[in-house]
Amino acid sequence: MSIMRINIGPIHPSTHGLLRLIVDVDGDTIENIDTRIGFLHRGVEKLLENRIYMQSPPFMEKIDYVAPMSWDELFVATVEQATGTEVKEGAQYIRMILLEFQRIASHLLWIGTFLNDLGQMFTIFMWTFRERAAVLKLLEDVAEGRMFYVNFRVGGMKSQPPNDFVDRAYKLVDYLEEKVSEYKDLIDNNPVFMQRTKHIGILKRKDAVEYGVSGPVLRGSGIYEDVRKSKPYYKFDKIKFSVPTMVNGDVYDRYKVRYEEIFESIKIIKQCLQAYESLENKDVLGLKIKLVGPNAKPDPVLVSRELPRGEGMIYMVPEPQKPYRAAFRSPSFSNIFALKKIAVNSKFADLFAILGSLDIVMPDIDK
Amino acid sequence: MEIQKEALAQVLEEHKRKGFDYLKKVLCVDYQSYLEVVYIIYNTESKEQVLISVKLSDTKRPLIDSIIHIYPSSDWHEREIHEMFGITFKGREKMDRLLLLEWNSNDFPLRKSFTWGAEYNKKE
């Protein structure tokens, strides 16, 4: 049979951003994929070079609008390392709590939109958004922003968390634990879901390493790799949690890893809340934003974080008050690169299940 | 770890044999008098990370070996560096644009010599 070329997009699949795929199909089997990115390129790396350090967090957050806090924190942590600033102990716990809440919110959004990608329109979506709204409400009350927060400051946070923060966070994690457990009945016991995800889009262990995927995609292929374990930051070395991994590396495994990670994040949050409560000094305030902040040392710094989508990294060559050069390793960039490897020889109808399972956010790829 | 650009492929192959099987990132920094390309490689078993850097003193026509046959994931990183810094990677097919889709200029935006709005002003 002759090869047919299908152009997809540039479209905005679910919440992922703008993407174009040129797919060659033989019948309904994918023969080749040409992934075209770059529609949302804004030159963030160049923008950073022209702004003082604390001017940058607001647009660092826009790199990943599904989990804005995580990129914001990564950038602020890079500045802290470059300037040699210690983060207050209370602030370390608060950051861990907020970042894990952000991870939960991101995974919840992903589960909802992933089921939409599979054609299970808006049932699970409404459920996950109900829980996500509860998480966002708490983040909003802490950071005073609904979608973007900008509440990290060098050395700490913008403001003290509200007085009832710990109680509300405890209640919220209990609520999340109960509700997220319920998803199992609708997802895992659903034969249509299982048929559309099991043994579909397999990424073998060896290929996962070779193609440089990270985060849940890498762990779904059976590799035990998590920056929080391999290079612990803040107090992650004192916290007990496990890293869920799977064996087959198919679409279902990538879903399962993210689903299990929600419960691990809940464990982390509970322990951090306990530790924060028992602290004598609960001060979390960081430096105020000024025109001239602390000077950075000239040595290049490299900071890694486990973002909801995988490993994020900033390599920065500092000048005293602004970056000379900042280069990002964004997790989605490496993950979408592997799409061709995963999807070739799959059925065309499975393409969006595979694409969805990579959990990409396009601005994260395009920078 | 800084190495000569001729030794790049050999050093990376050696590291890969020692278990550094995962390429995290290839990046470039323009120091004006020279360009520096940094390879961040990682051992997924022992969790070690190594930075290997190469200095390119010819900034007019920078040339370096492609490592796509050692680490396939370097493909897009090399394409990105090619359009942002103008470095040519030897030993691979022609590189299409990756991020700068409608970029007609021969300027390389992440070079320090790049001037803002030059392209726009020319059109006026």
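Nothing here was measured: the structure is a model prediction, and the numbers come from that model.
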| remark: Counting heavy-atom pairs under 4.5 angstrom with chain B, the leader among A:Met313, A:Lys341, A:Glu45, A:Glu210 is A:Glu210
| message | Need one label for B:Arg79: side chain, backbone, both or neither, based on atoms under 4.5 Å from any heavy atom in chain A. | response | neither
| message | Any non-hydrogen side-chain atom of B:Arg111 less than 4.5 Å from a side-chain atom of B:Leu35? | response | yes
| note | Applying a strict 4.5 Å limit to non-hydrogen atoms, the region of A:Lys367 in contact with chain B is side chain
| request: Give, as side chain, backbone, both or neither, the part of B:Val26 having an atom under 4.5 angstrom from any heavy atom of chain A. | output: neither
| Do A:Leu19 and A:Leu355 have side chains that get closer than 4.5 Å, going by heavy atoms? | yes
| task | Under 4.5 Å heavy-atom distance to chain B, tell me which part of A:Phe328 shows up: side chain, backbone, both or neither. | result | backbone
| task | Write out, in numerical order, the residues from residues 58-67 of chain B with a heavy atom short of 4.5 Å from a heavy atom in chain A. | result | none
| task | Could you tell me whether the side chains of A:Glu225 and B:Tyr22 share a donor-acceptor contact shorter than 3.5 Å? | result | no
| query | Have A:Ser242 and A:Glu264 got a donor and an acceptor in their side chains that come within less than 3.5 Å? | reply | yes
| Spatial distance of atom CD (A:Glu311) from atom CG (A:Asp226) [nearest 0.5 Å] | 9.5 Å
| said: Would you say that A:Thr35 contacts A:Phe337 through its side chain, given a criterion of any heavy-atom pair below 4.5 Å between the two side chains? | reply: no
| chain B: which of A:Glu49, A:Lys229, A:Lys231 shares the most heavy-atom pairs with it under 4.5 Å? | A:Glu49
| Atom NZ of B:Lys47 with >12 non-hydrogen neighbours under 6.0 angstrom | yes
| request: Report yes if some heavy atom in the side chain of A:Tyr234 is under 4.5 Å from a heavy atom in the side chain of A:Glu73; otherwise report no. | output: yes
| message | Counting heavy-atom pairs under 4.5 Å with chain A, which one of B:Leu100, B:Leu110, B:Asp21 comes out on top? | response | B:Leu110
| query | Between A:Tyr315, A:Tyr224, A:Tyr211, A:Phe39, which shows the greatest number of heavy-atom pairs under 4.5 Å with chain B? | reply | A:Tyr315
| query | Can you say whether B:Leu27 sits under 4.5 Å from chain A via the side chain, the backbone, both, or neither, judging by heavy atoms? | reply | side chain
| message | Any salt bridge linking B:Glu83 with B:Arg97? Criterion: basic side-chain nitrogen under 4.0 Å from a carboxylate oxygen. | response | yes
| Checking heavy atoms, do the side chain of B:Pro72, its backbone, both or neither come under 4.5 Å from chain A? | both
| query | Does any heavy atom of chain B fall under 4.5 Å from the side chain of A:Leu218, the backbone, both, or neither of them? | reply | side chain
| query | Non-hydrogen atoms of chain B under 4.5 Å away: do they reach the side chain of A:Val317, the backbone, both or neither? | reply | side chain
| said: Are more than 12 heavy atoms, taken from residues, nucleotides or ligands other than A:Lys340, located less than 6.0 Å from that residue's NZ atom? | reply: no
| query | Non-hydrogen atoms of chain A under 4.5 Å away: do they reach the side chain of B:Tyr31, the backbone, both or neither? | reply | both
| task | Could you tell me which of B:Glu45, B:Gln49, B:Lys25, B:Met84 has the largest number of non-hydrogen atom pairs under 4.5 Å with chain A? | result | B:Lys25
| remark: So CE of A:Met60 and CG of A:Asp64: to nearest 0.5 Å the spacing works out to 10.5 Å
| said: How about CD on B:Gln32, more than 12 heavy atoms from neighbouring residues, nucleotides or ligands closer than 6.0 Å, or not? | reply: yes
| Is B:Asp75 salt-bridged to B:Arg92, going by a charged N under 4.0 Å from an acidic O? | yes
